[in-house]
A.B. asks: 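Take this structure, written in structure tokens, and hold onto it; I'll ask about it next.
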Amino acid sequence: MADYFLSGRGALDDAMSLVAEYGADAPAVAAARASASRDKDNVLGFCHWRQIERFTASLSADSVAGPLH
């Protein structure tokens, strides 16, 4: 199972907002925002949106990753 890192509650809120608004397209939207941040030399913004891209991909997946309890 992959480990995901979110830097704080704000990152989780951003991820959940993207999933609520864009559904399965949320990872692509987060990737676009990461790319825009990189183009502006905004390293912190780039890292923020890359984290969210990875996390939203797991949230919008149809299958379970890792063991079930």
Side-chain angles (χ1 to χ4, degrees):
M1 179 176 169
D3 292 324
Y4 298 99
F5 173 80
L6 290 177
S7 58
R9 181 63 195 205
L12 179 61
D13 290 341
D14 286 345
M16 296 303 291
S17 293
L18 284 182
V19 170
E21 187 171 346
Y22 297 102
D25 293 331
V29 173
R33 292 181 184 188
S35 180
S37 292
R38 184 183 55 217
D39 291 345
K40 296 176 186 174
D41 293 328
N42 181 349
V43 175
L44 295 177
F46 172 76
C47 292
H48 173 81
W49 290 110
R50 283 289 290 149
Q51 290 172 4
I52 291 170
E53 176 187 357
R54 292 182 193 108
F55 190 66
T56 56
S58 71
L59 289 176
S60 61
D62 291 335
S63 62
V64 176
L68 296 175
H69 298 285

A.B. asks: If we only count heavy atoms from C-beta on, is the W49 to N42 side-chain gap below 4.5 Å?
C.D. replies: no

A.B. asks: Taking all non-hydrogen atoms of both residues into account, name the closest pair between P27 and E53 and its distance.
C.D. replies: O-CG, 3.5 Å

A.B. asks: Scan residues 26-41 for pairs that pass salt bridge (charged side-chain N to carboxylate O under 4.0 Å, His left out), counting only residues two or more places apart or in two chains.
C.D. replies: none

A.B. asks: Tell me, do L12 and F55 make a side-chain contact under 4.5 Å, heavy atoms counted?
C.D. replies: yes

A.B. asks: Does a donor on one side chain sit under 3.5 Å from an acceptor on the other, for D14 and H48?
C.D. replies: yes

A.B. asks: For the residue pair T56 and A15, what are the closest heavy atoms and their distance?
C.D. replies: CG2-O, 3.7 Å

A.B. asks: To the nearest 0.5 Å, tell me how far C47 SG sits from I52 CD1.
C.D. replies: 11.5 Å

